[in-house]
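Just below is one structure, and these are the notes that go with it.
Within every chain, numbering begins at 1; the chains are lettered A, B, ... in the order of the sequence lines, protein sequences first and strands thereafter.
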Amino acid sequence: MPELPEVEVTRRGIAPHVAGTRIARIEVRNASLRWPVPDGLDALLRGETLIGVTRRGKYLLLEYAPGWLLVHLGMTGTLRVMPEPGALPVAGVHDHIDLVFERCALRYRDPRRFGAVLFHPRSAGDVLLHPLLASLGVEPLTDDFDGHWLYAGTRGRTVAIKQALLAGSIVVGVGNIYASESLFRAGIHPRMPAGKLSRPRAEKLARAVKDVLAAAIEKGGSTLRDFVGSDGKSGYFQQEYFVYDRAGQPCRVCGTPIRQIVQGQRSTFFCPHCQK
DNA sequence: AAGGTAACCTGACTGC
DNA sequence: TGCAGTCAGGTTACCT
């Protein structure tokens, strides 16, 4: 589920419930995620106040005095607010971790276990120095990301623009859905070599990425309450896509059938008439 | 250095 | 009804 918009919506959904409150206990039922959940989290953080919840790319960063919890939702992860910390519903097989606070709990569920929960001690320096964060591209919704940055970042690259967007080393947060959607909005063929993007098209694509992600966050924002409770889910991805998952269906702009191709083992969707 | 790909894991869906 | 095969929102590690 989680591309950047859902991670951001999750952040906004959980932060008001837990920021500034103390953690009562941490229960790790299954430490076998993408990397092992570190031992001793409970001993390390019990009684500590959660200073704040921020986001870098698709990572949620929970700051405590001793350090940061890094949470990645992978493909199928969710982090949801459970309102009754003393009366938590029985954990399902994929409910791997509970962060129990004074007035609520956060439950981490991830059926496919591609996600991660890691710890970065303050003694190792700022969390942005963590190896998984240090070489990430810029945030798409800040002024750091614009046409100039995208243009400069793609010079000399022969890889397809779709894959360059997805890779996360130029800009973070553009997942498989929004890579296709952004390229459609910008009228750019997903197979175009990144280095051949003209300056104006780089401008247009950067704008499209920002607009698409911001719109998705808005959609998710309207379902924030769904993140509270045992069976909430975001509805942002139920929006009507222009191209994603629409192979064979008519382009919403010109009626040409949407095509599906594979790039780097991932599906790409585009309109062969609108995107050149 | 950049580019390609195998791998991690479960569940939903399709077709026989 | 069951079983095999395919595909899925991410990203790293390891080849060439």
Self-check item: Complement of B:dC9, any strand, by Watson-Crick or G-U distances under 3.5 angstrom
Solution: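 Its partner: none found.
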Practice problem: Both distances under 3.5 Å, Watson-Crick or G-U wobble: report the partner of C:dC14, or none. | Solution: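 Its partner is B:dG4 (Watson-Crick or G-U wobble, both distances under 3.5 Å).
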Quiz item: Closest nucleotide of DNA chain B for A:Pro111 versus for A:Gln163: which of these residues is on the 5' side?
Solution: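 Per heavy-atom nearest nucleotide, the more 5' residue is A:Gln163.
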Exercise. Between A:Val159 and A:Arg34, just flag the one whose closest nucleotide in DNA chain B comes earlier from the 5' side.
Key: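 It is A:Val159 whose nearest nucleotide is closer to the 5' end.
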Between [X] and [N], is there a side-chain N or O to OP1/OP2 distance below 4.0 Å?
X	N	result
A:Thr158	B:dA2	no
A:Thr76	B:dG11	no
A:His72	C:dT12	no

Quiz item: What do you reckon, do A:Phe114 and the base of B:dC8 stack, with centroid distance below 5.5 Å and planes below 30°?
Solution: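 A stacking contact exists, since A:Phe114 sits close and nearly parallel to the base ring of B:dC8.
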Quiz item: Does the base of C:dA8 carry an N or O that pairs as donor and acceptor with the side chain of A:Arg112 under 3.5 Å?
Solution: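 Pair found.
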Quiz item: Among B:dG11, C:dT12, C:dG10, which nucleotide sits nearest the side chain of A:Arg266?
Solution: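 The answer is C:dG10, which lies nearest to the side chain.
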When the distance from [atom1] of [X] to [atom2] of [N] is rounded to whole Å, what number comes out?
X	N	atom1	atom2	result
A:Gln265	C:dA13	CD	P	16 Å
A:Lys58	C:dT12	NZ	C1'	13 Å
A:Arg56	C:dT11	CZ	P	12 Å

Practice problem: Show your reasoning for whether side chain to side chain contact (heavy atoms under 4.5 Å, CB included) applies to A:Leu197 and A:Met192. | Solution: CA-CA 8 Å; A:Leu197 261 195; A:Met192 164 167 281; 3.9 Å; yes
Practice problem: Check every strand shown and say whether A:Arg157 touches a base, only sugar-phosphate, or nothing at a heavy-atom separation below 4.0 Å. | Solution: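 Touches sugar-phosphate only.
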Practice problem: Check whether more than 12 heavy atoms from other residues, nucleotides or ligands sit under 6.0 Å from atom CD of A:Glu84, and answer yes or no. | Solution: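 No, because the 6.0 Å sphere around CD of A:Glu84 holds 12 heavy atoms or fewer from other groups.
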Self-check item: Spacing of CZ belonging to A:Arg113 relative to CE belonging to A:Met75, to within rounding of 0.5 Å
Solution: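 Answer for the CZ-CE pair, A:Arg113 versus A:Met75, is 14.5 Å.
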Quiz item: Parallel under 30°, tilted from 30 to 60°, perpendicular over 60°: which one fits the rings of A:Trp68 and A:His120?
Solution: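 Plane angle between 30° and 60°, so tilted.
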